[in-house]
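In what follows, chains carry the letters A, B, and so on, assigned in the order in which the sequence lines appear, proteins first and then strands, with residues in each chain numbered from 1.
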Number of protein chains: 2
Amino acid sequence: MSGHNDSTMHANQNENDLHAIVQTSETLANVFAALGDPTRLKLIAVLCAGGAFSIAQLTANTEISRQGVTKHLQVLADAGVVRDVKLGRERLWQLEPGQIEEAKRTLEMIGRQWDVALTKLKAFAESA
Amino acid sequence: MSGHNDSTMHANQNENDLHAIVQTSETLANVFAALGDPTRLKLIAVLCAGGAFSIAQLTANTEISRQGVTKHLQVLADAGVVRDVKLGRERLWQLEPGQIEEAKRTLEMIGRQWDVALTKLKAFAESA
DNA sequence: GATTAATGCAACTTTTTGGTTGCATTTAAT
DNA sequence: ATTAAATGCAACCAAAAAGTTGCATTAATC
């Protein structure tokens, strides 16, 4: 036998994609790290409302200082998850969902790869 | 008018769900934080292959010490992303994809909420 | 022009993280 | 019984993160 039917090739492709992304993408871990803080997750949940919010507005929902919030927003911005626009004396922040989409796709890929692996293991067990 | 058609209610439900999850889930930020490191992402990519791997095996793919890898595995375990089984003098690690699925669903929710918000803004702009 | 609101910038402290080394322990193999 | 392999455990270190305070700056408003 060839050892490679169609579904096997797709499975290997998926596995290679996943490893390639994880190995090469400098920013992916950064995105996850940016999401890995309760304060920043709350900020994102607020920004999901779609508008552009000032630092003062965003600080109102937190327990920490305005400068602390600014630092968190900067972390999110460095990860490409939010962006800011200047308007008068205000600095408005809004969501930039591209990187979050990318992170979501990676998690989907992990889930798919896991499913593929389970299927393989099951097939192996049944062949024994 | 009522101000609440069917799609608006679904949108609000989604928004409330998102805020509830972000506010209450202590572990969600932990999961993202666990994913937010290149070494740990690579470990996960390896574990996606489906098997159970020893610490020594997992160390082979990295640049850091065995004890360093153990620490990373412990972080992943604390986040519920991997689990270990003892087998003889080895300690085998495998993926536990439940929390990753949960994280993925959160990112999906963020994306949906964002889309809903854009639709609302568009409708508002057209009504003006 | 003086005031005030919103923010920027910088120094500083504390805690966490990522990593190491050294040695002890457990278990398999000879 | 000895030896070797795989791991556990603890101390330690450096760098980064999370947060603060104080003061400077910018830009509306009266």
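For B:D17, the side chain to side chain donor-acceptor pair (under 3.5 Å) criterion is met by B:Q13, not counting sequence neighbours. With sequence neighbours excluded, the residues satisfying side chain to side chain donor-acceptor pair (under 3.5 Å) with A:T27 are A:S25. By the salt bridge (Lys or Arg N to Asp or Glu O under 4.0 Å) test, A:K86 pairs with no residue at all, sequence neighbours left out. Every residue two or more places apart in sequence or in another chain that forms a side chain to side chain donor-acceptor pair (under 3.5 Å) with A:Q74 is listed here: A:D78.
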**Report entry** Contact letters for nucleotides 22-30 of chain D, in which S counts primed atoms plus P, OP1 and OP2 and B counts the base, heavy atoms under 4.0 Å
**Finding:** B----BB--
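Pairing each heavy atom of B:A29 with each of A:P38, the nearest pair is CB-N, 3.8 Å. Of all heavy-atom pairs spanning A:L92 and A:A52, the tightest one is CB-CB, 3.7 Å.
Using five terminal pairs a side, the axes of the helix from C:dG1-D:dC30 to C:dT30-D:dA1 at its two ends make an angle of 20°, given in steps of 10 degrees.
Cluster membership check: A:V22 shares its hydrophobic cluster with A:L35, using side-chain heavy-atom separations under 4.5 Å among Ile, Leu, Val, Met, Phe, Trp and Tyr. No continuous path of hydrophobic side-chain contacts links B:V75 to B:L58 [ILVMFWY only; heavy atoms under 4.5 Å]. Linking Ile, Leu, Val, Met, Phe, Trp and Tyr whenever their side-chain heavy atoms come within less than 4.5 Å puts B:L43 and A:W114 in one cluster.
Near DNA chain D, meaning a heavy atom under 4.0 Å from it, residues 33-61 of chain B has B:S54, B:I55, B:A56 in order of number. Listed by residue number, there are no residues of residues 70-80 of chain B with a heavy-atom contact under 4.0 Å to DNA chain D.
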Pairs under 3.5 angstrom, nitrogen or oxygen only, protein versus nucleotides 14-16 of chain D, please.
none

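Screening residues 88-97 of chain A for side-chain hydrogen bond (donor to acceptor under 3.5 Å, both in side chains), with sequence neighbours left out, gives A:D84-A:R91.
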Determine all donor-acceptor pairs shorter than 3.5 Å in which one atom belongs to a side chain in residues 100-108 of chain B; sequence neighbours excluded.
| unit_1 | atom_1 | unit_2 | atom_2 | d |
| --- | --- | --- | --- | --- |
| B:E101 | OE1 | B:K104 | NZ | 3.4 |
| B:E102 | OE1 | B:R105 | NH2 | 2.9 |
| B:T106 | OG1 | B:E102 | O | 3.2 |

Please output the side-chain donor-acceptor pairs of residues 65-73 of chain B that fall under 3.5 Å, not counting sequence neighbours, one pair per line with the distance.
| unit_1 | atom_1 | unit_2 | atom_2 | d |
| --- | --- | --- | --- | --- |
| B:S65 | OG | B:G68 | N | 3.1 |
| B:T70 | OG1 | B:R66 | O | 3.0 |
| B:H72 | ND1 | B:R40 | NH1 | 3.0 |

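Close to D:dA6, at under 4.0 Å from its OP1 or OP2, lies no side-chain N or O of B:R91. Remark: B:S65 is in phosphate contact with C:dT20, judged by side-chain N or O atoms under 4.0 Å from OP1 or OP2.
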